[in-house]
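What follows is a short report on a single structure.
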Amino acid sequence: MADHLILAYDHDPTDDFGWLRVSAEGKGFAAKAGFWVQWQDVVDWTAKLDTYPLPPDGIEQDWGFVQDGTYRKVISIGLKRSTRTGRVTVTLELTDYHDPSYHAEFSFEAAYSNLADFKKEVEQVMAQTRERATLLGL
């Protein structure tokens, strides 16, 4: 499969948290990670994906936890304008929840139109009408 980011969310019916699953591939590198995330955080992040053009600093969201006084990032997704002609750089940091030695950082290019499609798909995932959302790279 071409460069891509796949996001899925397993809702927990007993509380406001669910398991966010992210898998991605970019320039031949691939990784996956998962983390307990409050559903509203995903919805709020998704709403920012409508911005065109993206802000100069881009949009970055990470999810992680504090362990022994140190913040441990598990999932980080960055989106930044890369050209004026409609390209977005997607930057990812994915770390295994249980073993931080399993860690990957990479990026790929996507089109704004693909970002718009991805936003709609994430909204459907969060509404539980779709299993996963996919952002395709160029």
Side-chain angles (χ1 to χ4, degrees):
M1 183 181 237
D3 296 349
H4 65 275
L5 163 64
I6 297 173
L7 183 145
Y9 189 84
D10 300 324
H11 294 264
D12 183 340
T14 64
D15 65 21
D16 289 341
F17 286 79
W19 188 254
L20 177 66
R21 292 181 287 129
V22 175
S23 62
E25 184 173 334
K27 300 176 186 165
F29 290 93
K32 62 182 178 178
F35 189 68
W36 289 106
V37 174
Q38 189 171 16
W39 68 267
Q40 189 63 45
D41 289 345
V42 179
V43 170
D44 291 347
W45 172 73
T46 304
K48 296 176 186 174
L49 301 181
D50 260 347
T51 309
Y52 180 85
L54 290 172
D57 293 341
I59 297 170
E60 186 170 338
Q61 179 67 51
D62 66 73
W63 291 280
F65 60 95
V66 176
Q67 182 177 28
D68 300 325
T70 303
Y71 181 70
R72 205 174 105 196
K73 190 184 308 184
V74 177
I75 296 169
S76 177
I77 304 170
L79 303 162
K80 192 167 186 175
R81 180 177 20 166
S82 60
T83 69
R84 294 185 183 270
T85 58
R87 289 190 179 196
V88 175
T89 299
V90 181
T91 304
L92 299 150
E93 291 183 51
L94 301 175
T95 303
D96 185 80
Y97 179 73
H98 300 287
D99 185 349
S101 68
Y102 294 112
H103 175 88
E105 295 181 41
F106 53 91
S107 64
F108 63 88
E109 297 285 309
Y112 270 105
S113 59
N114 291 358
L115 185 57
D117 293 340
F118 178 67
K119 178 192 181 291
K120 290 175 190 167
E121 290 181 11
V122 175
E123 290 171 339
Q124 292 168 345
V125 167
M126 298 313 293
Q128 301 183 53
T129 60
R130 182 182 193 97
E131 190 174 310
R132 64 186 188 176
T134 303
L135 173 58
L136 292 175
L138 298 173

- prompt: With distance as the sole test, does R132 use its side chain to make a donor-acceptor pair with the main-chain N or O of V22 at under 3.5 Å?
  reply: no

query: How are the rings of F29 and F106 set relative to one another: parallel (under 30°), tilted (30 to 60°) or perpendicular (over 60°)?
result: parallel

E121 and T134, any side-chain heavy atoms less than 4.5 Å apart: yes

query: Can you check side chain to side chain contact (heavy atoms under 4.5 Å, CB included) on L7 and F118, steps first, answer last?
result: CA-CA 9 Å; L7 183 145; F118 178 67; 4.3 Å; yes

- prompt: Shortest non-hydrogen contact from K48 to T51?
  reply: O-OG1, 2.9 Å

field: Point-to-point distance, once rounded to the nearest 0.5 Å, from CD of E93 to CD of E60
entry: 7.0 Å

query: What's the spacing between I6 CD1 and L136 CG if we round to 0.5 Å?
result: 8.5 Å

task: Examine the side chains of D68 and T70 and answer whether a donor and an acceptor come within less than 3.5 Å of each other.
output: no

query: Checking side chain to side chain contact (heavy atoms under 4.5 Å, CB included) for the pair T89/L79: CA distance, chi angles, key distance, verdict?
result: CA-CA 6 Å; T89 299; L79 303 162; over 6 Å; no

- prompt: I59, V125: one ILVMFWY side-chain cluster at the under-4.5 Å cut-off?
  reply: yes

query: Which atoms form the tightest heavy-atom contact between V37 and D41, and what is the distance?
result: CG1-CB, 4.1 Å

- prompt: Is there side-chain contact between K27 and S107, with heavy atoms separated by less than 4.5 Å?
  reply: yes

Atom of P55, atom of R81 and distance for their closest heavy-atom approach: C-NH2, 4.0 Å

statement: CG (D3) and CG (L92) are apart, to the nearest 0.5 Å, by 10.0 Å

- prompt: CZ of F35 to CG of D96: how many Å apart, nearest 0.5 Å?
  reply: 12.5 Å

- prompt: Is it the case that Q61 and S76 place a side-chain donor and acceptor less than 3.5 Å from each other?
  reply: no

message: Under the rule for side chain to side chain donor-acceptor pair (under 3.5 Å), what residues qualify as partners of Y71, not counting sequence neighbours?
response: D62

- request: Give a yes or no on whether Y102 atom OH has more than 12 heavy-atom contacts from other residues, nucleotides or ligands under 6.0 Å away.
  value: no

- request: Take F108 and V90, measure what side chain to side chain contact (heavy atoms under 4.5 Å, CB included) needs, and give me the verdict at the end.
  value: CA-CA 5 Å; F108 63 88; V90 181; 3.9 Å; yes

task: Can you measure from NZ (K119) to CH2 (W45) and round to the nearest 0.5 angstrom?
output: 11.0 Å

field: Flag side-chain contact, heavy atom, 4.5 Å: Y112 against L54
entry: yes

query: For the residue pair W36 and W19, does the interplanar ring angle fall in the parallel (under 30°), tilted (30 to 60°) or perpendicular (over 60°) class?
result: perpendicular

message: Tell me whether Y52 shares a hydrophobic cluster with V88, the cluster being built from Ile, Leu, Val, Met, Phe, Trp, Tyr side chains joined at under 4.5 Å.
response: yes

query: Looking at side-chain heavy atoms only, is the closest gap between I75 and L94 below 4.5 Å?
result: yes

message: If you count every heavy atom of other residues, nucleotides or ligands that lies below 6.0 Å from Q124 atom CD, does the total exceed 12?
response: yes

query: Same cluster for L135 and L138 if Ile/Leu/Val/Met/Phe/Trp/Tyr side chains link at under 4.5 Å?
result: no

- prompt: So, do R21 and K32 sit near enough that their side-chain heavy atoms are less than 4.5 Å apart?
  reply: no

query: Going from CD on E105 to NZ on K73, what distance comes out if it is rounded to the nearest 0.5 angstrom?
result: 7.5 Å

task: Kindly indicate, with the supporting measurements, whether the criterion side chain to side chain contact (heavy atoms under 4.5 Å, CB included) is fulfilled by D16 and Q40.
output: CA-CA 8 Å; D16 289 341; Q40 189 63 45; over 6 Å; no

